[in-house]
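Since the structure is predicted, the reported quantities are computational estimates derived from the model, not experimental observations.
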Amino acid sequence: MDKFMERAVELAVENVREGGQPFGAVLVRDNKCVAEGVNELHKRYDSSGHAELLAIRRAQEQFQTNDLSGYTMYASGEPCPMCLTAMYFAGINKVFYCASVENAEEVGLGKSKSIYEDLQKTKAERSLKMIQMPLTEGQCNPMKLWKEKS
């Protein structure tokens, strides 16, 4: 097994031993580990405290950038939709993972699989209802303001 995946799995095992979930992540650039993370849901009341997101946050803060193009993520488990989306936004080019979302579901961690399934539905069919509310007349349009400033 690759040394970075070994480290991601090692982090996941340590996290389980400390009361957390079996997820660890290592962010790599130029064959060097630049940031790591584990799911910290058991330490903080923060549903976004996933291993991959924490590794991304740490790297972006360390390098003062939002662009992580050329970086590779190693994750002990297949990234959830939230983490996967963050990787798209950050420009991460490649992800290696060990356990699949199906493996996670087998041990009682099946939320990712159900979210992936829900995202394949139309907006109207999804379990999370999304309702667009247009701006009121005279209200400043932040999208238009952004376009004017950029």
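- How far CG of Asn93 is from OH of Tyr88: 11.5 Å, rounded to the nearest 0.5 Å.
- Shown here are the ring pair (Phe, Tyr, Trp, His ring centres under 6.0 Å) partners of Tyr74, two or more places apart in sequence or in another chain: Phe4, Phe96.
- Contact record, Ser69 with Asp67: OG-OD1, 2.5 Å, taken as the closest heavy-atom pair.
- The shortest heavy-atom contact between Ala8 and Val26 is N-CG2, 3.7 Å.
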Gln21/Leu41 under side-chain contact (heavy atoms from CB on, under 4.5 Å): CA gap, chis, key distance, verdict: CA-CA 8 Å; Gln21 294 176 332; Leu41 304 173; 3.3 Å; yes
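- Open room surrounds CZ on Phe89; 12 or fewer heavy atoms of other groups in view lie less than 6.0 Å from it.
- No more than 12 heavy-atom neighbours from other residues, nucleotides or ligands sit within 6.0 angstrom of CD on Glu61.
- What you find for Glu52 and Cys83 is that their closest heavy atoms are OE1-SG, 3.4 Å.
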Glu40 and Leu54: CA distance, side-chain angles, deciding distance, side-chain contact (heavy atoms from CB on, under 4.5 Å) verdict: CA-CA 9 Å; Glu40 294 185 355; Leu54 294 174; 3.5 Å; yes
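- Tracing side-chain contacts under 4.5 Å through hydrophobic residues (I, L, V, M, F, W, Y), one never reaches Tyr116 starting from Met82; they form parts of separate clusters.
- Nearest heavy atom pair, residue Leu135 against residue Pro142, reads CD1-CD, 4.3 Å.
- Interatomic distance, Asn66 CG to Ile56 CD1, rounded to the nearest 0.5 Å: 11.0 Å.
- The pair Glu10-Arg7 meets the salt-bridge criterion, since a charged nitrogen lies less than 4.0 angstrom from a carboxylate oxygen.
- Checked for salt-bridge contact, Glu102 and Lys113 miss the test: no charged N lies under 4.0 Å from a carboxylate O.
- Under 3.5 Å, the side chains of Ser48 and Asp46 contain a donor-acceptor pair of N or O atoms.
- We find the CZ-OG distance between Phe23 and Ser112 to be 6.5 Å, quoted to the nearest 0.5 Å.
- In terms of hydrophobic clustering, with Ile, Leu, Val, Met, Phe, Trp and Tyr side chains grouped at heavy-atom distances under 4.5 Å, Met5 and Leu11 are assigned to a common cluster.
- The residue from Arg126, Gln120, Glu125 that alone fulfils the side-chain hydrogen bond (donor to acceptor under 3.5 Å, both in side chains) condition with Thr122 is Glu125.
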Full working for side-chain contact (heavy atoms from CB on, under 4.5 Å) between Thr72 and Ile92: CA-CA 6 Å; Thr72 301; Ile92 292 171; 5.8 Å; no
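- In the model, Thr136 has a side-chain atom that pairs as donor or acceptor with a side-chain atom of Gln139 under 3.5 Å.
- No donor-acceptor distance shorter than 3.5 angstrom exists from the side chain of Thr65 to the backbone of Gln60, with no hydrogens or angles considered.
- Both Val34 and Leu68 are part of a single hydrophobic cluster, where members link through side-chain heavy atoms under 4.5 Å apart.
- Annotation: Lys129, atom NZ; neighbour count of heavy atoms from other residues, nucleotides and ligands within 6.0 Å is above 12.
- Here the shortest heavy-atom pairing between Pro22 and Ser76 reads O-OG, 3.2 Å.
- Qualifying side-chain contact (heavy atoms from CB on, under 4.5 Å) partners for Val13, counting only residues two or more places apart in sequence or in other chains: Val9, Arg17.
- Expressed to the nearest 0.5 Å, how far CD1 of Ile115 lies from SG of Cys80 amounts to 6.5 Å.
- Contact record, Arg58 with Gly37: NH1-CA, 3.5 Å, taken as the closest heavy-atom pair.
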Test side-chain contact (heavy atoms from CB on, under 4.5 Å) applied to Lys43 and Glu18, step by step: CA-CA 10 Å; Lys43 294 181 179 179; Glu18 293 175 6; 4.1 Å; yes
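- A donor-acceptor distance shorter than 3.5 angstrom exists from the side chain of Asn39 to the backbone of Ala51, with no hydrogens or angles considered.
- Between the side chain of Ser100 and the main chain of Glu78, no donor-acceptor pair closer than 3.5 Å is present.
- More than 12 heavy atoms of other residues, nucleotides or ligands shown are found within 6.0 angstrom of NZ on Lys121.
- Taking the side-chain contact (heavy atoms from CB on, under 4.5 Å) definition, one finds that Val95 meets it with Met73, Pro79, Met87, sequence neighbours left out.
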